Participant: 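Encoded as structure tokens, here's the structure I'll be asking about.
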Amino acid sequence: MASQTGSGPAPGATPGAESAVDPDAAALTFTTHADPMDKQAGTPAGLGPLGWMRWLWARLTSMRTALILLLLLGLAAIPGSLIPQRTSDAIAVNQFVAQNPELSQWYERFGLFDVYGTPWFSAIYLLLFLSLVGCLVPRARQHWRLWRNSPTPPPRRMDRLPAVATVAVGPKALDVAEARLRQQRWRVRRGTDWVAAEKGFARETGNQVFHFALLGVLAAIGWGALAGWHGNIVIREGTGFANTITQYDTFTAGRFSGSDALPPFTVQLQSFDVDFERGEAQRGAPRNFDARVLVTDADGSTVTESFGVNDPLELGNAKVYLIGHGYAPRLRIRDGAGDVVFDDSVVFLPQDGNFSSQGVIKAPDARPEQLGFRGIFLPTAAIDPELGPISTFPAPDDPAVFLSAFAGDLGLDDGEPQNVYELDDTGLTQLGLRALREGETWRLPDGAGSVEFTGVDRYISVKVGSDPGGAWALAFVGLAIVGVCMSLFIRRRRLWVALGPTPDTVVVAGVARGEGTDMHGDVDELAAVLGPVRSAEPAATRDSPSQGKEDGAS
Amino acid sequence: MTQATTLADLSNLMTYSAMLVLSLAMIAFFVSFAQRRTSAEIVRERVTEPALVGGSATAHVDADPATGEAQFEPGRRAGNIAMALTWVAFGLLSVAVLTRGLWAGRVPWGNMYEFSLVSAFAVLGVFLAVSLTRDVRWMGVFIVPLALLTLGLAVTVLYTEAAQLVPALQSYWLVIHVSAAIICGGGFTFAAVTALLYLARDSYDRDTRAGRALAPLARRLPPAERLDSMTYRTIMFTFPLWTFAIVAGAIWAEAAWGRYWGWDPKETWSFIAWVVYAAYLHARSTVGWRGRRAAWLAVAGVAVYWFNYFGVNLLFSGLHSYAGI
Ligand code: HEM
């Protein structure tokens, strides 16, 4: 049988772990030697660097370390739910930094705005997985060996087993037992005066499948990050985009995702419809989204598709997800000379649940002076005595824009990139403020030009991306679930039939592993088939040791 | 409209009726529990009053030889009444859940009120299901008040009118993911109750061994190993389901939000709960962690689960904002 795996350190210091030499104990506990999971290596007294390394490895791969690392992982995940995270909500992070500059420095130092990407968080799960490999590889090897050598011959003292029955029958019973056990699909082995049978290897197999599948999940997630890509873009009704990196507002690609990873297509947003709740309960909550798009493939063929939340658009290896929406009022701006210098819809960013939205319009071509506007768009406009103009419902029932006009130098000519949602009013003079309903025109003072509110479009923000790891992760997770169920529900059983203490008797005995499993049923059933049961519990009269509980730890 | 209001009223009426019946069941459970006596007490009684019983003292204790547990005759009547009442309340609650769903025209777990209603239903369901195969009447003392508390919170703090769902919730994954999560809530809660009772009973046993037995109520509990095993078995069934619930959530999140995992607070706390239960399962086979420490992990797990429900929904902002209040 296998030698002890627990390395150099003195093996004496293992209370609770069974002896490595006693074959009877091994038969009881379903292992060939001291369970590597339960090893608690002693101190590596005077063993030199190699001894220390082995000792450390034994520590790392012990079940206790796994347990503690698991709990640590749980603890380490907490701050990321309390502190805003850059990966999910960069705006909230910026707000937080602005409000708590000093605290933020400390947070920054420990990576608390990106907990799940920090070295210390990664260290915990990488150690956990290292421990897992170190723990499971020897266990897998042992499982294989055990499986090949099974069934194990009976222990010398069958009467010590948790379930025992003595049957008054001769040696012929061994043949009967063997046939019956084979028929019941046990793994059976025949000795000269015994039959050994085993069942439930899949319990340990499932356990290993589960743990290795977890490794697979991690690898799949990593692969997805390396080989995937995603970008975000805002599309107004009537406009579209081509799937190339430069068109995206933000774009992220993994190291192994070449630029040819993006399938060539263009998407044109034809219309976007939203229904809002008009009843009393949850008034204003969205009820339905429907984005209709015209998709053009690489070969120039076009199709009309419709997508929405929970229903992404699939284009080649990429998916298009609807992640946000808002209003883009259409404005026509003429300059002092009467020329149309702007005639388009403009994305306004929603500020509240009723889509009071803010936006900026810049007309750098206006003459004699450039024109700029700050605006508030209200889909259902009302004037609140305290708050001023606000929207009272998210649907465009009664839309209005409140514009504040500026003339002067927009500062676009020096080549500095500007935020399209902000207007820097240095160098500008304010011309006035005005509310416009749809179709109304505002003649700007001093003959600077005019603005006409010509209509309301909607826009959507979409995420386009490809995650080649997703399907793998799902497959491994599925495997993990199957594995854990096998590991938890399959009962591991050993059953022996041996010629008894007296010539005309046969002893049937068994041991099982798994919560609430006991072998009395199996033993009694087989005993009853073999012949008249003389005594169900021959051990009862003797000083029987504690019942080998499911873990075999006595 | 009138039909809808009738359904709404019916659902609320059924919820209140269920609460009333549950309150009665709770009282009956308390009476039953108070009347329970341990085998030791029964033995003592019979020894001191031999004339009443006649013959040897121990011969008359209907103790189960495997567990050493007596069948506690005295609390039986009240216990049976309590169980019957719990079944009635469960029936009423199922009508409440059903009519709520019919009223809204969808699965009845679209906001916190509905989720609480169904959770109470699930906790009682797990309890009653277990009671079909074994005698767990003594647990009613703990389970029924818990269900009542949940319902009380639901009808007072969390109540919302039924409404349609926001688009993110309009998915068949709502049926799969949320129902799995609710069943897990029932399972984890049940397991935590048995774990706490195990801790109480174990303390009592230790005190007894140390010769300073107090905690008179703990004496009425089943043996510690049995409680421990109940905790384990419940978690053994719930853990794979919880894994599945999280995975189903991830698949749904991919469709709804474009990523299957984003460390949203809800996702984070679900993960923490999963890790704690994995730790529990490990603890059960780690020397030095079996028993009391493992039991504490089972309690910690349910604390995380419920924090994920109440705390995360009400305190944090995230994508999972479906509280509806
Ligand atoms: C990634 C983190 C891990 C998770 C989520 C996890 C989860 C689990 C679960 C749910 C079980 C229960 C299945 C059963 O009882 O048979 C289990 C069992 C087990 N785990 Fe892990 N585990 C992890 C890491 C590890 C590591 C690092 C080790 C080794 C040091 C390990 C060794 C074991 C062993 C030996 C069992 C079987 C226990 C028994 O036979 O009773 N696991 N694990």
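Keep in mind the model is a prediction, meaning the values are calculated, not measured. To find a chain, count down the sequence lines: A is the first, B the second, and so on, and within it residues start at 1.
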Participant: As an exercise: rank B/Trp261, B/Phe237, B/Phe271 by heavy-atom pairs under 4.5 Å with chain A and give me the winner.
Facilitator: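 Most pairs with chain A among the choices: B/Phe237.
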Participant: Which atom names give the shortest non-hydrogen contact between B/Val275 and A/Leu71, and what distance separates them?
Facilitator: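 Reported closest heavy-atom pair: CG1-N, 4.4 Å.
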Participant: How many angstroms lie between atom CG of B/Leu297 and atom CG of A/Leu70, to the nearest 0.5 angstrom?
Facilitator: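 The CG atom of A/Leu70 is 10.0 Å from CG of B/Leu297, to the nearest 0.5 Å.
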Participant: Under a 4.5 Å cut-off applied to non-hydrogen side-chain atoms, are A/Thr87 and B/Trp263 in contact?
Facilitator: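 Sidechains of B/Trp263 and A/Thr87: no contact.
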Participant: Using every non-hydrogen atom in the two residues, find where B/Trp289 and A/Arg64 come nearest and quote the distance to one decimal.
Facilitator: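 What the structure gives for the nearest pair is NE1-NE, 3.8 Å.
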Participant: Given heavy-atom pairs under 4.5 angstrom as the criterion, report whether the side chain, backbone, both or neither of A/Asp311 touches chain B.
Facilitator: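 A/Asp311 touches chain B through backbone heavy atoms alone.
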Participant: Heavy-atom pairs under 4.5 Å with chain A: which of B/Ala253, B/Pro240, B/Ala255 has the most?
Facilitator: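 Highest number of heavy-atom pairs under 4.5 Å: B/Ala255.
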Participant: Could you pull out every donor-acceptor pair under 3.5 Å between side chains of residues 466-476 of chain A and any protein atom, sequence neighbours left out?
Facilitator:
from	atom 1	to	atom 2	distance (Å)
A/Ser466	OG	A/Asn317	O	3.3
A/Asp467	OD1	A/Gly469	N	2.9
A/Asp467	OD1	A/Gly470	N	3.4
A/Asp467	OD2	B/Tyr260	OH	3.4

Participant: So which atom in A/Ile323 and which in B/Trp257 form the shortest heavy-atom distance, rounded to 0.1 Å?
Facilitator: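 Heavy-atom minimum between the residues: CG2-O, 3.9 Å.
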Participant: Under a 4.5 Å cut-off applied to non-hydrogen side-chain atoms, are B/Trp252 and A/Asn310 in contact?
Facilitator: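 Yes; the side chains approach each other to less than 4.5 Å.
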Participant: Select one option (side chain, backbone, both, neither) describing which atoms of B/Leu241 are under 4.5 Å from chain A's heavy atoms.
Facilitator: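 For B/Leu241, neither part sits under 4.5 Å from chain A.
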Participant: Select one option (side chain, backbone, both, neither) describing which atoms of A/Leu214 are under 4.5 Å from chain B's heavy atoms.
Facilitator: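 For A/Leu214, the side chain is the part near chain B, not the backbone.
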Participant: Does one side chain, of A/Ser81 or B/Trp269, offer a donor that lies under 3.5 Å from an acceptor on the other?
Facilitator: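 Judged by distance alone, the side chains do pair up.
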Participant: Does a sphere of radius 6.0 Å around CD1 in A/Ile91 hold more than 12 heavy atoms from other residues, nucleotides or ligands, not counting ones at 6.0 Å or beyond?
Facilitator: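 Incorrect, the count does not exceed 12.
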Participant: At a heavy-atom distance under 4.5 Å, which candidate from A/Leu73, A/Leu69, A/Ile221, A/Ile78 has the highest pair count against chain B?
Facilitator: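 With the most close heavy-atom pairs to chain B, the winner is A/Ile78.
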Participant: Given the options B/Val276, B/Ile251, B/Ile272, B/Val247, which has more heavy-atom pairs under 4.5 Å with chain A than any of the others?
Facilitator: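 The option with the most such pairs is B/Ile272.
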Participant: Do B/Tyr232 and A/Leu488 come close enough that some side-chain heavy atom pair is under 4.5 Å?
Facilitator: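 A side-chain contact under 4.5 Å exists here.
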Participant: Considering non-hydrogen atoms only, spot the tightest contact between A/Lys463 and B/Gly258 and give its length.
Facilitator: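 In this case the closest contact between A/Lys463 and B/Gly258 is NZ-O, 3.0 Å.
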Participant: Within the structure provided, determine whether B/Glu254 and A/Lys319 are in side-chain contact (heavy-atom separation under 4.5 Å).
Facilitator: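 Contact flag for B/Glu254/A/Lys319 side chains = yes.
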